[in-house]
**Student:** 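The structure follows.
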There are 2 protein chains.
Amino acid sequence: MKPVTMRQVAQQAGVDVSVVSRLLNEDPRLSISPATRDRVLQAITDLDYRPNLAARALRTNHGGMIAFVVPDFTSSVYAHVISGAHQRAQEIGYAVVVDALDPDLARTARRYRARGIDGALLAGATLPDRDVVSLEDLSIPMVLLNRRVPGLTRTACVDYAAASRLAIDHLADLGHRDVMVLSSPRNADFTERLKAFRSRARSRRVTTSTATAGGISAQAGYDTGRRILGGDGLGEVTAVFCPTLMLAVGFLAAAHATGVRVPDELSVIAMHDAEIASFTTPALTTVALPMAELGALAIDHLRALVDQRHPGPTVVDVAPRLEVRGSTAPPRT
Amino acid sequence: MKPVTMRQVAQQAGVDVSVVSRLLNEDPRLSISPATRDRVLQAITDLDYRPNLAARALRTNHGGMIAFVVPDFTSSVYAHVISGAHQRAQEIGYAVVVDALDPDLARTARRYRARGIDGALLAGATLPDRDVVSLEDLSIPMVLLNRRVPGLTRTACVDYAAASRLAIDHLADLGHRDVMVLSSPRNADFTERLKAFRSRARSRRVTTSTATAGGISAQAGYDTGRRILGGDGLGEVTAVFCPTLMLAVGFLAAAHATGVRVPDELSVIAMHDAEIASFTTPALTTVALPMAELGALAIDHLRALVDQRHPGPTVVDVAPRLEVRGSTAPPRT
DNA sequence: CTGAAAGCGCTAACAG
DNA sequence: CTGTTAGCGCTTTCAG
């Protein structure tokens with residue numbers, strides 16, 4: 001009934017617990033005879049022994065857990081990130097705790113410390129810059145996801161520059177010269193991708209204008225769409241870039257509602273890809289980003305910090321991919 | 001730098017650690033003078049003391065964590081459940097670990113036990129019945145989500161009977177007499193809602209037929225839609241019931257692709273609601289279910305088990321709600 | 001009403 | 001190459 005302890009393993013193998021412990025932790029300066037080693041290993045499997053992590057944590061201040069912190073569980077943006085993170089964490093023996101974002105990071109870090117959580121991945125799109133720059137002196141390491149802040153190395157990002165290149169090049173190649181981008185002041189992680197987008201636009205001699213949306217939801221996209229398409233405001237604009245998938249879904253619905261035909265009158269392209277993009281009408285052209293890899297690499301980054309190493313900023317090395325579907329076409333002449 | 005220990009608190013307050021401990025744990029047979037009590041409480045806040053949960057776990061075999069186990073992180077079905085579960089867990093001082101489903105529940109339970117995870121919530125739609133019935137004799141308690149198995153009390157479900165009543169009544173009131181339901185053999189949790197749906201249909205004298213889909217994804221819905229709508233197979237059917245939202249999204253796209261007009265020629269209604277339902281064309285009529293409450297009540301159920309109590313099956317008491325949108329209308333005469 | 005003391009299962013420094 | 005030992009921070013029984 002009660003779980004097997006290391007003591008029992010040692011007894012069964014006829015050695016001391018310290019031998020078992022050092023074998024399990026691969027202590028480099030342990031030289032063990034193959035015979036006893038085998039006996040210990042045998043005992044471990046025979047008894048189906050599992051180390052008690054609470055005891056280990058008590059001893060080492062090292063609980064073998066990382067936290068994944070999100071501002072909102074219901075926004076599915078991070079599903080793929082967490083999936084990749086979980087898988088990698090599992091491989092290196094860490095468990096993943098999910099938690100809601102508390103703006104007081106110092107307090108959060110202390111809470112985690114007391115729980116045996118060794119580090120945290122932060123989906124901190126809504127945090128003010130000033131809270132984020134002081135990530136270095138928290139009581140546990142934290143890595144910021146998909147957002148860059150000057151002077152901060154504790155970040156892991158996908159390659160928004162490459163993604164923006166893909167999006168702009170696609171539009172420019174189709175002949176678009178005037179693109180509107182949706183923005184959201186509340187989402188600090190947009191700055192990254194919008195900056196990259198605008199910069200690439202300049203080099204392709206594409207003019208960009210900006211419309212402000214009230215968030216990242218489909219509703220925000222819809223409202224913005226109604227506002228823009230409802231008036232006479234489109235002007236020379238022949239394409240719209242949405243920095244988020246749901247924003248594009250809402251925008252598309254607004255286009256439908258106002259009778260603006262996509263892609264005949266207006267092209268729409270979104271950053272990020274998910275199943276839903278294939279099932280809107282028209283299906284959405286998107287730039288697919290390697291979010292699972294982001295999660296995995298963020299775990300590696302965090303683990304390095306936990307092990308007292310000092311990695312530079314992580315940028316995911318898997319290339320973004322353009323998914324051309326029905327929402328983009330050459331502009332009407 | 002190092003976290004404050006109970007020792008320091010005791011020292012500061014001029015008492016023994018055991019007093020602090022018993023105060024913190026609200027030991028019933030501790031009578032403490034208000035004066036010392038206050039001194040201790042003061043010391044705790046002054047030093048910003050936080051109990052070391054690893055130490056407590058070691059002592060009590062009780063880590064203050066629960067696991068939320070899903071077959072797949074990227075399917076967003078459980079976002080609201082986990083949100084409600086997390087909130088409730090937080091309120092009672094539990095942390096939530098997320099994990100991927102491993103069909104070997106006994107092994108999982110032992111792994112969790114070694115980690116200080118006190119119990120688990122199981123999104124076990126894909127588990128065979130035989131694995132699920134023996135939930136009672138695992139080394140930690142587990143509660144099955146949204147699925148009922150005869151003889152098993154460790155479940156927490158929303159009220160699919162009420163939800164089905166809502167769906168059928170809506171269709172029947174509109175005048176539909178012949179409804180097709182989408183099913184999926186791989187998803188054992190469908191049986192519950194489909195049974196409820198068919199039973200209510202009988203009492204409203206609505207005929208039901210069944211089409212088998214290959215899963216719960218939009219792609220599955222699309223493929224099924226193409227198969228059904230592409231042929232000459234609709235017959236007398238004037239409405240389709242989808243037991244999952246994404247299935248309906250895909251089905252709608254198939255209707256569009258095959259030129260079947262929704263809701264003029266065919267009504268579509270889905271179980272479960274999410275933002276996307278408002279932004280399809282036409283917008284989807286759905287039955288919204290209280291998934292966050294399900295999460296919260298599942299936590300309560302699990303906590304009762306952890307505390308050695310024996311609750312009966314949990315059924316969420318918040319009523320489902322019909323969200324009438326554009327995808328349902330009276331049948332064409 | 002409060003203190004002393006043992007020990008949960010494990011790690012790591014040191015001794016043999 | 002292996003054993004001894006001293007705790008990590010907390011809970012809990014038993015004495016005062």
Side-chain angles (χ1 to χ4, degrees), chain A residues 1-41 43-44 47-64 93 110-111 113-118, chain B residues 1-41 43-44 47-64 93 110-111 113-118:
Chain A
M1 200 65 247
K2 288 211 109 189
V4 179
T5 77
M6 192 182 263
R7 221 190 161 74
Q8 293 170 262
V9 172
Q11 209 148 28
Q12 166 116 352
V15 297
D16 190 86
V17 284
S18 68
V19 178
V20 181
S21 170
R22 282 174 299 180
L23 181 57
L24 250 46
N25 297 318
E26 294 169 333
D27 185 336
R29 42 199 193 157
L30 161 69
S31 40
I32 193 175
S33 81
T36 44
R37 166 190 220 100
D38 283 354
R39 252 184 308 131
V40 174
L41 259 27
I44 287 177
L47 299 174
D48 189 31
Y49 165 71
R50 282 148 208 283
N52 180 324
L53 296 207
R56 176 178 292 175
L58 179 57
R59 213 29 247 250
T60 60
N61 279 314
H62 226 278
R110 287 198 302 274
R111 256 181 41 221
R113 184 113 209 259
R115 264 211 176 281
I117 292 175
D118 300 329
Chain B
M1 199 65 250
K2 288 212 109 187
V4 179
T5 78
M6 191 181 266
R7 222 190 159 73
Q8 294 171 261
V9 173
Q11 209 148 27
Q12 166 115 351
V15 297
D16 190 85
V17 286
S18 67
V19 178
V20 181
S21 171
R22 282 175 298 180
L23 182 55
L24 249 47
N25 297 320
E26 295 169 333
D27 185 335
R29 40 195 196 163
L30 161 69
S31 38
I32 191 174
S33 80
T36 44
R37 166 190 219 100
D38 283 354
R39 253 182 309 130
V40 173
L41 258 28
I44 287 178
L47 299 174
D48 188 31
Y49 166 71
R50 283 147 207 286
N52 180 323
L53 296 206
R56 176 177 292 178
L58 178 56
R59 214 28 245 247
T60 60
N61 279 317
H62 228 278
R110 287 197 302 274
R111 257 181 42 221
R113 183 112 209 256
R115 265 213 175 281
I117 292 173
D118 300 329

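Atoms considered below: every heavy atom in the structure, side chains included; atoms not considered: hydrogens, waters and symmetry mates. So that the names make sense, note that chain A is the first sequence line, chain B the second, and so on, each numbered from 1. What you see is a predicted model, and the numbers here were worked out from it, not measured in a lab.
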**Student:** Which comes earlier along DNA chain C counting from the 5' end, the contact point of Val19(B) or that of Thr60(B), where each point is its nearest nucleotide?
**Tutor:** Val19(B)
**Student:** Between Leu24(B) and Tyr49(B), is the side-chain contact (heavy atoms from CB on, under 4.5 Å) condition met? List the steps.
**Tutor:** CA-CA 11 Å; Leu24(B) 249 47; Tyr49(B) 166 71; 3.6 Å; yes
**Student:** Determine the contact category for Ile32(B): base if any of its heavy atoms lies under 4.0 Å from a base atom, sugar-phosphate if only primed atoms, P, OP1 or OP2 are that close, otherwise nothing.
**Tutor:** sugar-phosphate
**Student:** What does the inter-axis angle of the helix from dC1(C)-dG16(D) to dG16(C)-dC1(D) come out as, five pairs per end, nearest 10 degrees?
**Tutor:** 40°
**Student:** Which nucleotide sits closest to the side chain of Asn25(B): dT11(D), dA6(D), dC10(D)?
**Tutor:** dT11(D)
**Student:** Given atom CG of Leu23(B) and atom C1' of dC10(D), what is their separation to the nearest angstrom?
**Tutor:** 15 Å
**Student:** Specify the separation, in whole Å, of atom CZ of Arg50(B) and atom P of dG9(D).
**Tutor:** 16 Å
**Student:** So what does Thr5(A) touch, heavy atoms closer than 4.0 Å: a base, only the sugar-phosphate, or nothing?
**Tutor:** sugar-phosphate
**Student:** Specify the separation, in whole Å, of atom CD1 of Ile44(B) and atom C1' of dC10(D).
**Tutor:** 13 Å
**Student:** What is the 5' to 3' range of DNA chain C, first to last nucleotide, that sits under 4.0 Å from any heavy atom of chain B?
**Tutor:** dC1(C) to dG9(C)
**Student:** I need the CG-C1' distance between Asn61(B) and dT12(D), as an integer number of Å.
**Tutor:** 14 Å
**Student:** Could you check if a side-chain atom of Leu23(B) sits within less than 4.5 angstrom of a side-chain atom of Leu41(B), using non-hydrogen atoms only?
**Tutor:** yes
**Student:** More than 12 non-hydrogen atoms from neighbouring residues, nucleotides or ligands closer than 6.0 Å to CZ on Arg37(A), yes or no?
**Tutor:** no
**Student:** With a 4.5 Å heavy-atom cut-off, do Arg113(A) and Asp118(A) have their side chains touching?
**Tutor:** no
**Student:** Could you go step by step and tell me if Arg56(A) and Asn25(A) meet the side-chain contact (heavy atoms from CB on, under 4.5 Å) rule?
**Tutor:** CA-CA 11 Å; Arg56(A) 176 178 292 175; Asn25(A) 297 318; 3.8 Å; yes
**Student:** Would you say that Val4(A) contacts Asp48(A) through its side chain, given a criterion of any heavy-atom pair below 4.5 Å between the two side chains?
**Tutor:** no
**Student:** Measure across Ala54(A) and Ala57(B) and return the closest heavy-atom pair with its distance rounded to 0.1 Å.
**Tutor:** CB-CB, 3.7 Å
**Student:** Can you measure Asn52(A) atom CG to dC8(D) atom P for me and round it to whole angstrom units?
**Tutor:** 18 Å
**Student:** Are any side-chain N or O atoms of Asp16(B) and backbone N or O atoms of Val19(B), one a donor and one an acceptor, separated by less than 3.5 Å?
**Tutor:** no
**Student:** I'd like to know if the side chain of Arg115(A) reaches the main chain of Gly64(B), judged simply by a donor and an acceptor atom lying under 3.5 Å from each other, with no hydrogens or angles considered.
**Tutor:** yes
**Student:** Would you say the side-chain atoms of Ser21(A) and Ser18(A) include a donor-acceptor pair closer than 3.5 Å?
**Tutor:** no
**Student:** To the nearest angstrom, how far is Asp16(A) atom CG from dA6(D) atom C1'?
**Tutor:** 13 Å
**Student:** What integer distance in Å separates Arg7(B):CZ from dC10(D):P?
**Tutor:** 11 Å
**Student:** How many angstroms lie between atom CD of Gln11(B) and atom OG1 of Thr5(B), to the nearest 0.5 angstrom?
**Tutor:** 8.5 Å
**Student:** Could you run down the sub-3.5 Å N/O contacts of the protein with nucleotides 13-16 of chain D?
**Tutor:**
from    : atom 1 : to       : atom 2 : distance (Å)
dT13(D) : OP2    : Arg29(B) : NH2    : 2.7

**Student:** Keeping Arg39(A) on the side-chain end and Ala13(A) on the backbone end, is there a donor-acceptor pair under 3.5 Å?
**Tutor:** yes
**Student:** Rounded to whole Å, how long is the line connecting atom CZ of Arg56(A) with atom P of dG9(D)?
**Tutor:** 18 Å
